[in-house]
Amino acid sequence: MRDFDLIRRADDLHRRSLDQQIVTHTGFLTPAEQYALVGLSHLHRSLFFHGGTENAERRVAFFLPDYLTAEAFDPAEYLTAFHLRCRFAEPGHRDVLGSLLGLGIERWSLGDIYTQGEDAWFFCLPSIAGHIGRELTKIGRNGVAVQDIPLPHVPAPEREVELVTFSVSALRLDSILAGTFGLSRSRTAEAVGAGLVQLNYTTCLKPAAGVEPGDVFSLRGSGKAKLCDLGGHSRKGRLFVQVEKYR
């Protein structure tokens, strides 16, 4: 979805939620689309994301009415989880996604997909749950058993990360990249200028762009990481930072 269309849709859902005092929501959004909405300050009071499980990558943006807090909100009414078992085969993410899209389902109706051996779990909007339950009988050439399950029953995989600590003179993108991936500042600056770097899932062309705790960044060919914490200063005035580097 283009940013302009997404923002226009979000504004409409936000107004409807406040005017009618009801919960409104988008489909499942990519991380880049989520960051686009987080940047809109007028949405912060009612905006809430949930993807079915903790650390979900694809999440739905919910707009909550005044009487409802994020802590009291129950996503089970708005999201459905499925478990499938494919005997005699071990389907991967692409296999499951391809079979679901082959049913005529749009990608925005589907959340994260997790696979492990013969088993797979995924999230979707309730509006297509019945269609999936009736029509998803095979993954490739192999038959599958499909069952909707409560959201907490989805065993979300743990994200493997490596903690990296280093110091920088300033919270600049090129400095953070250099410390995270063990490269020189000049090399990371060149990579940024070449369009090989994303900051919060959007291509960034400014080596001096500011980075804050919680920001996610990636360098094509090297990996992805998140700035997670700031420490004290060294004797020379450099700032210690801690980064989670995804494996």
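These figures come from a predicted structure and were not determined experimentally.
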Look only at the side chain of [X] and the backbone of [Y], and say whether a donor-acceptor pair between them is shorter than 3.5 Å.
X: S17; Y: I22; value: yes
X: Q242; Y: L163; value: no
X: E162; Y: R247; value: no
X: Q147; Y: R85; value: no
X: S218; Y: K224; value: no

Is [Y] reachable from [X] through a run of hydrophobic residues whose side-chain heavy atoms are each under 4.5 Å from the next?
X: I149; Y: L136; result: no
X: F122; Y: L103; result: yes
X: F240; Y: F166; result: no
X: I105; Y: L84; result: yes

Inset, instruction - Take V211 and V241 through the test side chain to side chain contact (heavy atoms under 4.5 Å, CB included) and record every step on the way to the result. - result: CA-CA 11 Å; V211 184; V241 300; over 6 Å; no

Salt bridge check: are [X] and [Y] linked by an N-O gap of less than 4.0 Å?
X: D11; Y: R8; answer: no
X: R107; Y: E33; answer: no
X: R9; Y: D12; answer: yes

Measuring from [X]:[atom1] to [Y]:[atom2], what's the distance to the nearest 0.5 Å?
X: K245; Y: F217; atom1: NZ; atom2: CZ; value: 9.5 Å
X: E90; Y: D119; atom1: CD; atom2: CG; value: 9.5 Å
X: D215; Y: L173; atom1: CG; atom2: CG; value: 9.5 Å
X: L100; Y: H131; atom1: CG; atom2: NE2; value: 9.0 Å
X: E135; Y: S99; atom1: CD; atom2: OG; value: 13.0 Å
X: R59; Y: H50; atom1: CZ; atom2: NE2; value: 9.0 Å

Inset, instruction - Return yes when atom CD of Q20 has more than 12 non-hydrogen atoms of other residues, nucleotides or ligands closer than 6.0 Å, and no otherwise. - result: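 More than 12 heavy atoms, drawn from other residues, nucleotides or ligands, come within 6.0 Å of this atom.
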
Legend entry - Within 6.0 Å of CZ in F88, more than 12 heavy atoms from elsewhere: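 No, the 6.0 Å shell around CZ holds no more than 12 heavy atoms from other groups.
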
Legend entry - Any pair counted as ring pair (Phe, Tyr, Trp, His ring centres under 6.0 Å), so long as it reaches residues 187-213, sequence neighbours left out: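 Applying ring pair (Phe, Tyr, Trp, His ring centres under 6.0 Å) to every pair that reaches into residues 187-213, excluding sequence neighbours, yields Y35-Y201.
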
Is there a side-chain contact between [X] and [Y] (heavy atoms, below 4.5 Å)?
X: L177; Y: L183; value: no
X: F63; Y: L18; value: no
X: T180; Y: L219; value: no

Inset, instruction - Would you check if the distance from the ring center of F123 to the ring center of F28 is below 6.0 Å? - result: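 Ring centres of F28 and F123 not closer than 6.0 Å.
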
Legend entry - Trace of the side chain to side chain contact (heavy atoms under 4.5 Å, CB included) decision for Q198 with V216: CA-CA 8 Å; Q198 288 194 336; V216 177; over 6 Å; no

Legend entry - Steps toward side chain to side chain contact (heavy atoms under 4.5 Å, CB included) verdict (T203, L205): CA-CA 7 Å; T203 299; L205 300 174; 4.2 Å; yes

Inset, instruction - Could you walk me through whether L29 and L6 pass the side chain to side chain contact (heavy atoms under 4.5 Å, CB included) test, one step at a time? - result: CA-CA 10 Å; L29 303 178; L6 173 64; 4.0 Å; yes

Inset, instruction - Look at the rings of Y78 and F62 and say which category their plane angle falls in: under 30° parallel, 30 to 60° tilted, over 60° perpendicular. - result: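 Ring orientation, 0 to 90° scale: perpendicular.
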
